[in-house]
Every structure is written in C-alpha cells, then in structure tokens.
Amino acid sequence: MANKKQKNWWVYLILFAGILMMLLPLVMTVISSFKPTSEITGNFFGFPEEFILDNYIRLFEDGITTYFGNSALITVVGVALIIAIIPMAAFSIARRMERNKAFAIMYIFLIIGIFVPFQVIMIPMTKLMSTLGLSNMTGLILLYLAYAVPQTLFLYVGYIKTIVPEDMDEAAAIDGCDKFTMYWKIIFPLMKPMHATVLIINALWLWNDFLLPLLVLNKDQNMWTLPLFQYNYQGMYFSDYGPSFASYVVGIIPILIVYLIFQKNIISGMTSGAVK
C-alpha cells in the first residue's frame, strides 16, 4: 500500500510539472503584453513595475481589428461549411459503403488525402488559385473546405457507423420522413459530439493557420489574417516586443473561449468516431 501511494505521488508530481511547462509560456505572454519593451528585454520573467495598456492601444491604432475580422470571417464561414457539407457526404457513404463498392472506393479515395504532404501540392495549388482568380478570402475558404474533407470525413463516417444505427432510418421512413428531412431533423442532431469535435479541430486550424493565407492572401494587405499580420508586424517592429506579445494574446482569447465552451463534447466525439 505504501509503495502504491509513493508511486501515485510521483505520477502527480510529473503531471504537475507538465502543467507548469504548458502554462508558463501562456502566463509569460500575457504578462509581457502589459510590459514596455525595455522591461521585457531587461527582465523577461519578472512582473512589470506597472501594468500598462499602451501595447494594446498601439495594436488598435495599427489596424488589428481589420485582420482580426478577416480571421473571424474565414474561420466562422469555413467551419460552418465544413459542418454543413461534409456530414451529408459521410452519412451517404456510411450507409452505402458496405453494400456498394463504388461508395467504398469513393471513401478510400477521399480519405487518402490525409497521407498527401502539403508540400507536394503547394506550388500547383498556388498557381491554380491564381489562374482561377481565387487568390482571395473566398478562395481560401474553399481551400480549407477541400483540405478538411479527408480527416473530417473519416471522423464522421466512423461516428455514424458506430453511434447512429440504421434502424433509425427505417423508423423515420415508416413515419413518412424523406431522406433529407430524416437527415436534418434526426441524424444531424445526433452527431452533436462529433460536430463539437470537428468544430474545435478546424477552428483551431483555420484561426491559427499561417501557410495557406501566406500563399493566397499575402498580395493584398487588406485581406491579411491575424497570423499574417502578426508575422509582418513582428518584422516591422522587431525590436518592439510589447505590441507583438499583445497581438498574441488577442489571437489566443477567441479560440480559448470556443474551446472552453465545447470541451465537454470533444472526448466523447473523438472516442466514439475513431473506432467501430
């Protein structure tokens, strides 16, 4: 019994150390956002002599609201399209792939994109978007929708096959529901845990993504997303760290709020949809 308690003590100590390692960068970022650059470079780990809002005021003067709005628009519209469109394809595939080889082949063809490195298609994709005149926020949202298909489809198909029995389809048909009504009023609400999981995964990706906006939107400063603004802002004011840390805090807060709202459904969605 004593050995077991001692073992548990070490486990909790390791977990506590891990929590500190994860929280320390976040805490230091928040503290540094309220410090002048002279204090950041002079005593990075110390508390500020006086908490100031000058860094945040300067951010708003430099137009961060425009880039914040661009990121918010792309993230909200992109995630909404992902959750509205991909589950419909997943439902159709999940119900037919075992009886129709065409749907099984389609499923394999779509999810195989998980294994394609982005670097392989980066240059052709950039040229294609430029040729089609889609080097803008609309084109970027369409790209996000396309890139989300493999992983999101895999999660939804697994969830539907595991959690949503076909008996529900038959019961809805007996009650007079057509396929579309059955999906939106019965099947879609039952996938709420997976919706929350997909929302968090893709919202984190779309909000924090840097490479795709850099390739698609970097020509027009008015279309920059928040990560692009932070990258170029740090380049313009490399020696002025205060506003840079403030911009990181502004970028962290929205996605942290979204995560806290939907965190209860994430684990159930991932564990239910990952295996059959």
Side-chain angles (χ1 to χ4, degrees), residues 74-122 124-125 128-129 134 138-169 172 178-209 211-213 216 255 258-259 262-263 265-276:
I74 291 170
T75 302
V76 171
V77 175
V79 172
L81 289 175
I82 289 169
I83 295 178
I85 295 174
I86 297 179
M88 289 192 287
F91 177 67
S92 180
I93 290 173
R95 289 292 190 256
R96 293 176 174 84
M97 63 185 299
E98 293 182 358
R99 298 189 293 268
N100 191 326
K101 289 184 179 180
F103 282 88
I105 294 172
M106 184 188 306
Y107 175 63
I108 294 173
F109 178 77
L110 289 173
I111 68 170
I112 205 170
I114 297 174
F115 306 102
V116 178
F118 177 73
Q119 291 79 4
V120 174
I121 59 176
M122 181 172 63
M125 179 273 298
L128 177 63
M129 298 302 288
L134 290 174
T138 301
L140 182 61
I141 291 171
L142 293 176
L143 278 177
Y144 281 135
L145 176 61
Y147 283 125
V149 167
Q151 182 186 39
T152 307
L153 185 71
F154 174 76
L155 291 173
Y156 272 116
V157 169
Y159 187 86
I160 293 170
K161 292 173 69 66
T162 305
I163 302 300
V164 187
E166 291 191 45
D167 295 343
M168 302 196 69
D169 301 9
D178 56 61
K179 288 287 185 181
F180 185 81
T181 303
M182 174 192 66
Y183 172 76
W184 280 111
K185 291 189 175 181
I186 300 174
I187 305 300
F188 189 81
L190 287 176
M191 294 190 288
K192 182 180 176 181
M194 184 52 65
H195 294 328
T197 302
V198 169
L199 186 150
I200 290 296
I201 292 174
N202 288 286
L204 282 169
W205 168 40
L206 269 63
W207 182 263
N208 293 317
D209 186 39
L211 189 54
L212 271 179
V216 178
I255 205 66
V258 172
Y259 178 81
F262 293 98
Q263 64 172 332
N265 296 312
I266 294 175
I267 296 177
S268 61
M270 288 294 292
T271 54
S272 298
V275 296
K276 181 177 184 300

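Atoms considered below: every heavy atom in the structure, side chains included; atoms not considered: hydrogens, waters and symmetry mates.
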Student check: side-chain heavy atoms of [X] and [Y] closer than 4.5 Å:
X: Val198; Y: Ile86; answer: no
X: Tyr147; Y: Met125; answer: yes
X: Thr197; Y: Tyr159; answer: no
X: Ile163; Y: Met194; answer: no
X: Tyr144; Y: Leu81; answer: no

Exercise answer: donor-acceptor pairs, residues 182-191 side-chain atoms, under 3.5 Å, sequence neighbours excluded:
residue : atom : partner : partner atom : Å
Tyr183  : OH   : Met88   : N            : 3.2

Salt bridge (charged side-chain N to carboxylate O under 4.0 Å, His left out) pairs touching residues 74-95, sequence neighbours excluded, are Arg95-Asp169

So the salt bridge (charged side-chain N to carboxylate O under 4.0 Å, His left out) pairs with at least one residue in residues 99-118 (sequence neighbours excluded) are Arg99-Glu166

Only counting residues at least two apart or in another chain, list the ones meeting ring pair (Phe, Tyr, Trp, His ring centres under 6.0 Å) with Phe109.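 In terms of ring pair (Phe, Tyr, Trp, His ring centres under 6.0 Å), with neighbours along the sequence ignored, Phe109 is linked to no residue.
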
Look up atom [atom1] in [X] and atom [atom2] in [Y], then write down how far apart they are to the nearest 0.5 Å.
X: Ile83; Y: Ile85; atom1: CD1; atom2: CD1; value: 11.5 Å
X: Gln119; Y: Leu211; atom1: CD; atom2: CG; value: 7.5 Å
X: Leu110; Y: Thr152; atom1: CG; atom2: OG1; value: 11.5 Å

So with a 6.0 Å cut-off around CZ of Phe180, is the heavy-atom count from everything else above 12?
no

**Item:** side-chain hydrogen bond (donor to acceptor under 3.5 Å, both in side chains) against Ser92, all qualifying residues, sequence neighbours excluded
**Value:**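 Expected list: Arg96.
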
In short, Lys161 meets Ala94 closest at the heavy-atom pair CG-CB, 3.8 Å

Over all atoms of both residues, closest heavy-atom pair of Ala148 and Ile82 |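 Minimum heavy-atom separation between Ala148 and Ile82: CB-CD1, 3.5 Å.
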
Partner of Leu204 by side chain to side chain contact (heavy atoms under 4.5 Å, CB included), out of Thr75, Ile255, Val258: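 Only match with Leu204 under side chain to side chain contact (heavy atoms under 4.5 Å, CB included): Ile255.
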
Side chain to side chain contact (heavy atoms under 4.5 Å, CB included) test vs Ile74 passes for just one of Asp209, Thr138, Ile141, Val79, namely Ile141

Open item on the list: Run Leu155 and Ile201 through side chain to side chain contact (heavy atoms under 4.5 Å, CB included) and show every step you take.
Closed with: CA-CA 11 Å; Leu155 291 173; Ile201 292 174; 4.1 Å; yes

> Excluding sequence neighbours, so at least two apart, what forms side-chain contact (heavy atoms from CB on, under 4.5 Å) with Asn100?
Replying inline: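 Expected list: Ala102, Phe103.
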
